[in-house]
Structure formats: C-alpha cells, structure tokens
Amino acid sequence: MPAQQSFRSQSAPSAELSKLAPLTPAYDSILELTPYQTGKPVEELTREYGVFDVVKLASNENPMGCSPHVTLAITEQLGQLSRYPDGNGYYLKQALADFNNISAKCITLGNGSDDLLDILTRSFVSSDDTIVYSQYAFVIYSMLANMQGASSIEVPAQRFGHDLLAMRKAVEDNPSTKMVFIANPNNPTGTLLEHQELREFVASLLPSVLVVLDEAYIEYSPESNNRALLDEFDNVVIVRTFSKAYGLAGLRIGYALSSPPVAELLNRIRQPFNVSRLGLAAATAALADQDYIEQTRVSNQEQMRWLEKQFDALGLAFIKSHANFIMVEIEEAVKVYQALLEQGVIVRPLKGYGLDNWLRITVGLAEDNLRLIDTLHSILSDD
Ligand SMILES: Cc1ncc(COP(=O)(O)O)c(C=O)c1O
C-alpha cells in the first residue's frame, strides 16, 4: 500500500459547529478534528454504571503510583501556592541536564509531553507544510497536523511498527515535509525500533526536516538509547514525560531535549508558566528516585510475562510490547470492551486506529491483571 494523505481523526461537523458561521476557524481542517478520546475516567464509570470497584487499565499510567519522595516535595510547596512557579524551571532543568548528560540549554519543559508536541508543531509547521508519521502511531500526531492546517502523510506500518524505509521515501517524495513523528516505543502497538535503523533514517533526511522522537515509554525499554542522536544531528528532538513510569500523569509534566537553537525557539512559543510549581517539585523528586523506576520496570516485566501467558491460554494473539501496555486481538473488541466496562474494568478500544479487533491493555498490579483475566475469561466463555 502506498503512503497516503490522511486526516485520521475526521468527523462530520457537529450540530453545534454547524452554527459557528459567520465565524470561521483558522483552517478548514479544524472542522475535521475529533476531540482526543481519553481513557474513561474511573469517576465516569462509577457515575454511568454504578460500579465502585473499578480497575483502570486504559491510559498507561503507573499502577504503583509515584515515588514516595514526591509527596514530601509537594508538601513543601503548599505554603507557596500564591506564588508563580519558576518560569524557567531552573532546578528541574539542572537535574535533567545531569541525568541526560546534556546542557540545560538543550531542555524545554512542557505541561505534559502533549504540550511539547503542540509547541513543536506550532514552532515549525505552517499550513503549507507536511507532517509524516506511521499508520498506528500515536493519534495526536495527525490531530496536530489538522490543527495547523498542514497536510499529513500516514505511512503504512510494517508488522504493526514503523516502516522507516517507506517513511524515508514518503519524505523524499514530498518536499514540503517539515516534520516526522516517531513514537519509540510506539503507542498503541508497543513496537520498538533499533538504534542503528533510526540513526540511518535520520542520516538519510535533509537537515531541514525535524525528526521528533516521542519517548513517552522509554523507561520501560532502557536498552534503547537514542540520546546519542542529539550529539550528531541538530534536526532531532527527543520528547519524554513524567506521566508514565514516573507516575505523575495528574500533574502534567514533560520535557524535550534538542539542540540549543531549537530549544530557544520552543521557549519563545511556550506559555511562560507552562509547568506548575507542584509539577516542578514533583518531577525533580521523582527523577532523583531511580530505584523507584527500577522497581516499576521489574514489576511491569513480571506482570507483562504473566499476562502474555494468560493470553496464550485464552488463545488470544498479542503483539510483543516494549512498553507498559499490550495490544491483544479479540473478535468484536468493542463489544468485549463494553462488557468489561460493565464489570468495572476499563481498557482501550482501538477502532479509531482502524484496529477494530484489538484492545490495548495497560499492565496493572498483580490483582488488577487477575481481575482483568478472570473477567475476560467469563465474557469470552459466555459467547
Ligand atoms: C506516545 C505518547 N506520547 C505522548 C503522550 C502524552 O503524554 P503526556 O502529555 O501525559 O506527557 C502519550 C500519552 O498517552 C503517549 O502515549
């Protein structure tokens, strides 16, 4: 299948939007956006179904929570809530610079990594430009293209992962390409690219094409180290988050590593106080507790192996994952998703990605996973 122009999150204009005229959005493509579907919040399930004992395996959060050091760091800030945070995030940037062996000048902080993906797109992509990404890549990339009125090219995946040769060809064939998004590991498929493959891909592109490497789940694949790309190429940006392994999704904090001039540009576009006082303190404390990240990794590995065995026993195919979630093939996945919801287990249907027969399941604690498997077993044997 050739690469194709794509507006993945297309939707018909809603009744409300049809009343927008005579006002018009900045770009027609904004009318085609569907708001991002988040994992169903626990409180919503309780409200809708009256289920109280809910297990949420839908948003790839850390089921263990966050480092205990975070609580103390936040508590210390509580007397200062009337004061703005440090808009430059000095201490967190210093800690990230040491951790990543990079200058603090190369770091931009964000209100979650979504904020950084948005800042990057707004900084570099105009309506005349094109964004390239893979089929089954994180859905936000296509939405960002639509928000800027830019074109997007979705390159068919290869065995559910990025086909870098085809992506390279798509960039070469489309001189208006300004940015390439690559999630590594990828969400929702959990696939991982080899460093050498990625290096060759970046080396093959013109230096005017920015490669954004989204490493939201990198802590679960410590063997994958692409930080060295930043020493070699000025057109690479690595985006990471404290929302996943660090367990701080509720505080919204992420960071980008780039060349100093790219960071300088991003800093002009970002909101002056885009990371809160609590976010800065929490992330600094969480980063210092690498033992906690190691425990997180070990627990995730053990539970991932256990889940794989259970899926094998249930006769369900899955894609080997390098992150903290796993994609499982289930016939009539949306029905199964609904049946799981009614029994208090929230997972993620993937119809929006064209993966109608798949569910994405976040690896939980042992008891969460047991509940998932028991519930799934009873749903599938009722059929
Ligand atoms: C691949 C990927 N990138 C970025 C994000 C955004 O995360 P956050 O904004 O919480 O940092 C997510 C969240 O699910 C993700 O899966």
Side-chain angles (χ1 to χ4, degrees), residues 1-10 29 32 117 120-121 124-125 128-146 148 150-218 221 224-226 228-229 232-239 317-323 325 327 329 350-358 360:
M1 233 204 308
Q4 48 188 290
Q5 299 291 126
S6 151
F7 289 106
R8 254 202 302 200
S9 21
Q10 258 178 8
S29 52
E32 292 161 10
L117 299 173
L120 275 158
T121 312
F124 285 97
V125 179
D128 296 332
D129 299 326
T130 297
I131 294 181
V132 170
Y133 50 80
S134 173
Q135 182 186 23
Y136 309 140
F138 187 40
V139 69
I140 291 283
Y141 310 149
S142 64
M143 296 178 72
L144 288 169
N146 279 10
Q148 289 302 104
S151 303
S152 50
I153 296 178
E154 180 177 299
V155 178
Q158 194 177 40
R159 280 177 275 112
F160 294 96
H162 292 73
D163 181 345
L164 290 184
L165 283 181
M167 289 179 75
R168 173 180 170 175
K169 183 157 185 332
V171 176
E172 279 166 8
D173 290 350
N174 290 277
S176 64
T177 303
K178 205 63 187 296
M179 194 179 272
V180 178
F181 281 114
I182 295 178
N184 195 52
N186 184 42
N187 173 18
T189 58
T191 50
L192 187 74
L193 290 160
E194 298 277 332
H195 172 74
Q196 198 46 31
E197 264 184 289
L198 259 175
R199 200 207 148 273
E200 280 165 20
F201 174 72
V202 176
S204 76
L205 301 182
L206 291 173
S208 54
V209 177
L210 193 68
V211 179
V212 178
L213 202 54
D214 179 347
E215 294 194 336
Y217 301 96
I218 203 63
S221 285
S224 166
N225 190 354
N226 293 305
L229 293 177
E232 210 182 338
F233 302 102
D234 284 344
N235 58 328
V236 172
V237 180
I238 294 180
V239 178
F318 57 85
I319 306 295
K320 184 90 188 147
S321 169
H322 297 266
F325 53 83
M327 217 171 79
E329 191 173 22
L350 297 172
K351 210 170 165 22
Y353 285 89
L355 293 161
D356 295 16
N357 288 330
W358 296 82
R360 193 196 68 195

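Start at 1 with the first residue, then count along the sequence.
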How long is the span from the NZ atom in K178 to the OG1 atom in T121, to the nearest 0.5 Å? 11.5 Å
Judged by atom type as modelled, is there a donor-acceptor pair below 3.5 Å linking the side chain of N174 to the main-chain atoms of A170? yes
Check for me whether the distance between the ring centres of Y353 and Y136 falls short of 6.0 Å. no
Backbone N or O of I218 within a donor-acceptor pair of the S221 side chain at under 3.5 Å? no
Does any N or O in the side chain of E329 come within less than 3.5 Å of the main-chain N or O of A317, such that one atom is a donor and the other an acceptor? no
Side-chain heavy atoms of H195 within contact of L229, under 4.5 Å: yes
Any side-chain heavy-atom pair from V239 and L120 closer than 4.5 angstrom? yes
Point-to-point distance, once rounded to the nearest 0.5 Å, from OG1 of T189 to NE2 of H162: 7.5 Å
What about the rings of Y141 and F181, do their centers lie closer together than 6.0 Å? yes
Would you call I182 and Y133 a side-chain contact if the rule is heavy atoms closer than 4.5 Å? no
Is there a side-chain contact between V212 and V180 (heavy atoms, below 4.5 Å)? no
Determine whether the side chains of T130 and S176 contain a donor N or O and an acceptor N or O closer than 3.5 Å. yes
Separation between CG of L210 and OG1 of T177, rounded to the nearest 0.5 Å: 12.0 Å
Looking at R360 and P188, what are the two nearest heavy atoms and their distance? CD-CB, 3.8 Å
Is the distance between the ring centroids of F160 and W358 under 6.0 Å? yes
Residue pair A323 / S321: nearest heavy atoms and the distance that separates them: N-OG, 3.1 Å
Do the side chain of N187 and the main chain of F138 share a donor and acceptor less than 3.5 angstrom apart? no
Would a distance-only check, ignoring hydrogens and angles, find a side-chain to backbone donor-acceptor pair under 3.5 Å from N184 to L193? yes
Within a strict 4.5 Å, meaning less than it, do heavy atoms of the P207 and D234 side chains meet? no
Are more than 12 heavy atoms from other residues, nucleotides or ligands located less than 6.0 Å from atom CD of E194? no
Identify the two heavy atoms, one from M167 and one from V132, that lie closest to each other, and give their separation to 0.1 Å. CE-CG1, 4.2 Å
Would you please classify the geometry between the Y217 ring and the F325 ring as parallel, tilted or perpendicular, with 30° and 60° separating the classes? perpendicular
In terms of heavy-atom contacts, P185 and G190 come closest through CB-O, 4.3 Å
Show your reasoning for whether side-chain hydrogen bond (donor to acceptor under 3.5 Å, both in side chains) applies to N226 and R199. CA-CA 8 Å; N226 293 305; R199 200 207 148 273; over 6 Å; no
Rounding to 0.5 Å, atoms CE (M327) and CG (N186) come to a distance of 9.0 Å
State the CD1-OG distance between I131 and S151, to the nearest 0.5 angstrom. 9.5 Å
With side chain to side chain contact (heavy atoms under 4.5 Å, CB included) as the test, would you mind laying out the steps for L198 and L213 before giving the verdict? CA-CA 10 Å; L198 259 175; L213 202 54; 4.0 Å; yes
If I take atom OG1 from residue T191 and atom CD from residue Q158, how far apart are they, to the nearest 0.5 angstrom? 11.0 Å
